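Side-chain atoms are counted along with the backbone in the values below, which use heavy atoms only and exclude waters and symmetry mates. From a predicted model like this one, the values you see are computed outputs, not experimental measurements.
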Amino acid sequence: MPAPRPTIADKRRAFRQLHASGCFVIPNPWDVGSARYLQSLGFKALATTSSGFASSQGRSDGASSREAVLAHLREIVAATDVPINADFESGFARDPAGVAESVRLAVETGVAGLSIEDSTGDAARPLYAIDEAVSRLRAARGAIDRAGGDTLLVGRAECFLVGRPDLDETVARLKAYANAGADCLYAPGIRTREQIAAVVAAVAPKPVNLLVGSASEFTLQDIAALGVRRVSVGGALARAAWAGFMSAAKLIAEQGRFDGLANTARGQELDAFFRADLQHRGAR
């Protein structure tokens, strides 16, 4: 008899266990199909990507509404049997009370974890002051605790992504977010061994997420040796899919050539995968 699908509590418990030791990859699907395919490859958890989802909806990163993102989270959670970490951007609010309300709604979608950024979206003031950012993280922590406390909170320092690649500031922010209740820390944009090692050491024993958003000299073994607990790829898989699509489409539009379709996935293979996946899910 097929095993029953894991409950939300099961997924959240499994997600916390993944963060307890070792190093795992948490790749980023952008829709149900990509999520189910990644799950079939044996990944133990997945994370949404704000940029990947936005482009699939014809929007730029950061332009999706809270309602659209919450609907996306519900869809991905319902479609998968592994824990889902939500790229929850900056909490869809500026004030702590608004962040708390957004986090409450995100927890209700069934995600096993969610991240809150410290970026403002304002080029003139790209980051919240550290005291504001800490208040926002504390509000998120409070919302999670009031909902049972089993959803993992990720604190993100966006310094390197907004043109302030200051490692000292990044470390100070991550340490403050850890003290404010973040379970996992994340500084997208750090790349060198020295940067990664400094971040890991600064927030130890709390786990660190590393973004590998482009081709890298590091293997997963290298990253694990630096003490990183989990590795995400952000919107990179979605951009890889877009790259193939854009290249093939431009050849047709600009040169009337179809050789860009030479390396596409076979329709029969995709149909067979999704047919088998649906049958497997229906049997449970």
Side-chain angles (χ1 to χ4, degrees), residues 12 15-16 19 47-48 50 61-70 73 85-109 111-190 198-209 211 229-230 232 234:
R12 289 174 175 166
F15 198 45
R16 285 193 171 272
H19 288 77
T48 62
S50 63
D61 192 15
S64 299
S65 68
R66 184 177 74 176
E67 291 68 27
V69 170
L70 290 170
L73 296 178
N85 191 96
D87 178 346
F88 208 50
E89 304 182 48
S90 59
F92 299 93
R94 301 192 70 83
D95 62 297
V99 171
E101 173 63 8
S102 293
V103 168
R104 180 186 69 80
L105 294 171
V107 171
E108 289 177 355
T109 69
V111 294
L114 61 89
S115 60
I116 297 292
E117 303 170 2
D118 58 6
S119 57
T120 65
D122 180 358
R125 182 177 174 263
L127 296 174
Y128 286 100
I130 194 163
D131 58 335
E132 293 177 284
V134 165
S135 294
R136 286 159 45 80
L137 251 295
R138 284 186 178 140
R141 176 79 266 161
I144 289 172
D145 291 345
R146 288 189 292 275
D150 56 351
T151 305
L152 189 136
L153 176 61
V154 183
R156 291 178 51 146
E158 303 288 291
C159 306
F160 278 71
L161 294 190
V162 299
R164 279 165 54 173
D166 184 320
L167 186 60
D168 289 340
E169 179 184 10
T170 299
V171 164
R173 284 176 173 268
L174 292 178
K175 290 174 72 172
Y177 303 160
N179 290 334
D183 300 298
C184 179
L185 289 309
Y186 183 14
I190 62 171
V199 165
V200 169
V203 301
K206 291 196 174 182
V208 168
N209 182 99
L211 172 67
R229 190 56 46 80
R230 74 181 206 186
S232 59

Q.
Just verifying a value: how many Å separate Ser115 OG and Leu137 CG, rounded to the nearest 0.5 Å?
A. 10.0 Å

Q.
Given the ring of Tyr128, does Arg136 sit roughly above its face, with NZ or CZ under 6.0 Å from the centre of the six-membered ring and within 45° of the axis?
A. yes

Q | Heavy-atom check, side chain of Leu73 versus side chain of Phe88, under 4.5 Å | A | yes

Q: Kindly give the heavy-atom pair with the smallest separation between Ser119 and Ser90, and that separation in Å.
A: O-CB, 3.6 Å

Q. What are the two closest non-hydrogen atoms of Gly98 and Ala93, and how far apart are they?
A. C-CB, 3.3 Å

Q) Is any side-chain heavy atom of Arg16 less than 4.5 Å from a side-chain heavy atom of Asp183? A) yes

**Q.** Criterion side-chain contact (heavy atoms from CB on, under 4.5 Å) on Arg156 and Asp118, from CA distance to verdict
**A.** CA-CA 6 Å; Arg156 291 178 51 146; Asp118 58 6; 5.6 Å; no

Q. So, does Lys206 use its side chain to make a donor-acceptor pair with the main chain of Leu185 at under 3.5 Å?
A. no

Q. Side-chain contact, heavy-atom cut-off 4.5 Å: Leu153 with Ile116?
A. yes

Q) With a 4.5 Å heavy-atom cut-off, do Leu167 and Val199 have their side chains touching? A) yes

(Q) Do Leu105 and Val103 make a side-chain contact, defined as non-hydrogen atoms from C-beta onward lying under 4.5 Å apart? (A) no

Q. What pair of heavy atoms forms the shortest contact from Ala143 to Ala100, and how long is it?
A. CB-O, 3.4 Å

Q) Where is the tightest heavy-atom contact between Ala112 and Arg12, given as atom of each residue plus distance? A) CA-CG, 3.7 Å

**Q.** Exercise: identify the closest heavy-atom pair between Ala123 and Pro126
**A.** O-CD, 3.7 Å

Q: Just jot down the side chain to side chain donor-acceptor pair (under 3.5 Å) partners of Arg230, sequence neighbours excluded, or say none.
A: His19, Asn85, Asn209

Q: Please report the shortest heavy-atom distance between Ala202 and Val171, naming the atom on each side.
A: CB-CG1, 3.4 Å

Q.
With a 4.5 Å cut-off on side-chain heavy atoms, are Thr170 and Arg173 touching?
A. no

**Q.** Side chain to side chain, Val208 and Val203, heavy atoms closer than 4.5 Å
**A.** yes

(Q) Filter on salt bridge (charged side-chain N to carboxylate O under 4.0 Å, His left out), then keep only pairs touching residues 94-103, sequence neighbours left out; what's left? (A) Glu101-Arg104

Q: Kindly compute the distance separating CD (Glu169) from CD1 (Ile130), expressed to the nearest 0.5 Å.
A: 7.5 Å

Q: Return yes if some donor-acceptor pair links the side-chain N/O of Thr120 with the main-chain N/O of Asp122 below 3.5 Å, else return no.
A: yes

Q: Using the test side chain to side chain donor-acceptor pair (under 3.5 Å), find all partners of Ser50 that sit at least two apart in sequence or belong to another chain.
A: Asp61, Asp87

(Q) Using a 3.5 Å distance criterion without hydrogens, assess whether the side chain of Ser232 forms a donor-acceptor pair with backbone atoms of Leu211. (A) no

**Q.** Test item: Cys184 and Leu152 side chains (from C-beta on) under 4.5 Å apart, heavy atoms
**A.** yes

